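The first residue in the sequence is number 1, and the count goes up from there. Please read these numbers as outputs of a predicted model, since none were measured by experiment.
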Amino acid sequence: MRNMIITFRFLCLQGLLQRVTRPRGGTIDQLLRFLPVSLHKLIDRFLTRLLRWTPVFLQGSKREGPTMVVACGQETISSSTLIKHLASDSVFVIQLDIIAKIPVFGIHIQHPRYRPERFDLVVTPHHDFYPSTANGGEHEAPRLLRRWVTQRESPPPRNVVITVGALHQADPATLSLAAKAWHDGLASLPKPLLVVNIGGPLGPGSRDCQAAVERARELVSCLYSALHSCGSVRISFARKTPQSVANLVLKAFDGHPKVYIWDDKEPNPHLGHLAWADAFVITPDSISMLSEACSTGKPVYVVGSDHCESKYSALYKTLQERGAVRPFTGLEDISESWSYPPLNDAMEVATRVREAIAERGWTVG
């Protein structure tokens, strides 16, 4: 869930959900994506959107009791900063993923505008923190902005929580429920069950789409080589997967008795796949899929890992060092298993949130 602001009352945990959007669509919007969203929206009628937020929060801030605001995505930074300014004594603001894609919004200690101390807690994955470091900035940040948007101090401030992967809903309790819900459809499949999750391009350009197609060809070739060690294979596409990639995979495995390709119709088997899979193959362009698969503690293979760049390379290297992922070459025996400490970022963040709230003298009901 990205570019959302959720407001909670501590005593009852009732929530108010609002979405904040950045102008999108044209070449100009692509060029302006490196600007703070406030400036971007000022160019694209930002004031009308911002004014919509003020009465929504002011009305809620008059109610009795403290408020926790959870904002996700860089487009929410202006709004969450405004909320914190309007009611600093009665609101606890958690900003999630504030460095994603746009280094200007990163946790830059010497940055004069969006300092992390403006929030009570900042949560960002390491792969999104990476572009704000000196080495990452060389690849991610525009040259003219590099001096101002790269990280100058380490470690980050105490109110900054850096996670390994992306936050998601696939925790043990959710997967336990999914295992029960999908028992009839997945439990009887021949073992080992290999789940293949295919993402989309790393960027919006035609070059990125072509790279996704090449990666799909590599996946098809490697998967055919490894099929002999699979009992069954389930393949799913992400929403951003190009049709050209989907067509290539569909044509390659059409009618194969071991392979089932999800047809994008409800119900979505994604959580069931996470619960019942014996191993995964993930494309490196889907950070969320990688993070979810590595939260299961099961073997995760990454196809095309040698072509990863910048933050994707940083995430892959981190997961590889933890023993969670290996490159997918097609020579693997899928029945071979290995274990590693599953990612548990959500629980670790929840612990930090409770500790930070307790320091304010508040409790979560």
Side-chain angles (χ1 to χ4, degrees), residues 1-3 24 72-73 97 100-101 125-128 130-131 140 163-170 194-223 226 233-253 259-264 268-274 277 279-296 298-320 324-330 343 345:
M1 185 169 58
R2 185 176 292 277
N3 303 325
R24 302 178 185 274
C72 181
D97 198 20
K101 300 183 180 179
H126 178 265
H127 62 262
D128 281 335
Y130 173 79
E140 297 286 338
T163 63
V164 176
L167 298 181
H168 53 79
Q169 64 172 328
L194 178 66
V195 168
V196 180
N197 290 332
I198 302 175
L202 301 179
S206 57
R207 180 179 178 182
D208 296 289
C209 290
Q210 182 58 38
V213 172
E214 293 300 324
R215 195 159 44 245
R217 291 196 178 99
E218 180 181 354
L219 169 63
V220 168
S221 175
C222 293
L223 191 53
V233 177
R234 306 270 297 194
I235 300 177
S236 296
F237 302 106
R239 288 190 297 269
K240 64 177 182 178
T241 305
Q243 191 60 46
S244 55
V245 169
N247 290 340
L248 190 156
V249 175
L250 286 166
K251 182 178 180 180
F253 295 104
V259 180
Y260 169 82
I261 302 178
W262 181 48
D263 58 7
D264 201 28
N268 188 330
H270 180 61
L271 290 176
H273 285 172
L274 290 173
F280 301 90
V281 172
I282 313 289
T283 57
D285 47 16
S286 181
I287 287 175
S288 294
M289 288 180 175
L290 268 176
S291 301
E292 290 170 337
C294 290
S295 71
T296 66
K298 303 172 185 177
V300 179
Y301 297 97
V302 179
V303 62
S305 57
D306 52 335
H307 301 304
C308 292
E309 296 180 356
S310 61
K311 66 179 184 179
Y312 299 92
S313 176
L315 175 62
Y316 177 76
K317 181 179 179 180
T318 299
L319 295 175
Q320 192 174 40
V325 302
R326 297 178 183 178
F328 185 55
T329 64
L343 296 189
D345 287 327

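Counting only distance, with no hydrogens or angles, the side chain of S221 and the backbone of R217 share no donor-acceptor pair below 3.5 Å. Judged by distance alone, with hydrogens and angles left aside, the side-chain atoms of T296 form a donor-acceptor pair with the main-chain N or O of A293 at under 3.5 Å. The closest donor-acceptor contact from the side chain of T241 to the backbone of I198 lies under 3.5 Å. Of the possible donor and acceptor atoms, none in the side chain of N197 sits under 3.5 Å from a partner among the backbone N and O of I282.
Residues P269 and W262 form a side-chain contact, since some pair of their non-hydrogen atoms from C-beta on lies under 4.5 Å apart. Counting heavy atoms from C-beta outward, L223 and L194 have side chains that approach closer than 4.5 Å. For the pair V164 and L319, the minimum side-chain heavy-atom distance is below 4.5 Å. A heavy-atom distance below 4.5 Å is found between the side chains of Q320 and P327. In this structure, the side chains of C294 and V325 come closer than 4.5 Å at one or more pairs of heavy atoms. Using a 4.5 Å heavy-atom threshold, the side chains of F280 and L290 count as separate. By the 4.5 Å heavy-atom criterion applied to side chains, L271 and L274 are counted as neighbours.
The minimum heavy-atom distance linking G304 with P284 is given by the pair O-CG, 3.8 Å. The two atoms that bring V213 and S244 nearest to each other are CG2-OG, 3.5 Å, heavy atoms only. Residues P125 and T163 share a closest heavy-atom pair of CA-OG1, 3.1 Å. Heavy-atom minimum distance, S291 versus G165: OG-CA, 3.5 Å. The two residues V220 and A252 make their nearest non-hydrogen contact at CG1-CB, 3.6 Å. The heavy-atom pair separating A170 from S295 by the smallest distance is O-OG, 3.4 Å.
To the nearest 0.5 Å, the span separating CZ on R234 from NE2 on H273 amounts to 3.5 Å. Rounding to the nearest 0.5 Å places NE2 of H168 at 7.0 Å from CG of D345. For the atom pair CG (L248) and CD (E214), the distance works out to 9.0 Å, reported to the nearest 0.5 Å. Atom-to-atom distance recorded for Y316:OH and S305:OG is 3.5 Å, nearest 0.5 angstrom. Atom CG in L219 sits 14.0 Å away from atom OH in Y301 (nearest 0.5 Å).
A salt bridge between R215 and D285 is present, with a side-chain N of the basic residue lying under 4.0 Å from a carboxylate O of the acidic one.
Annotation for Q169: atom CD does not count as buried by contact number, only 12 or fewer foreign heavy atoms lying within 6.0 Å.
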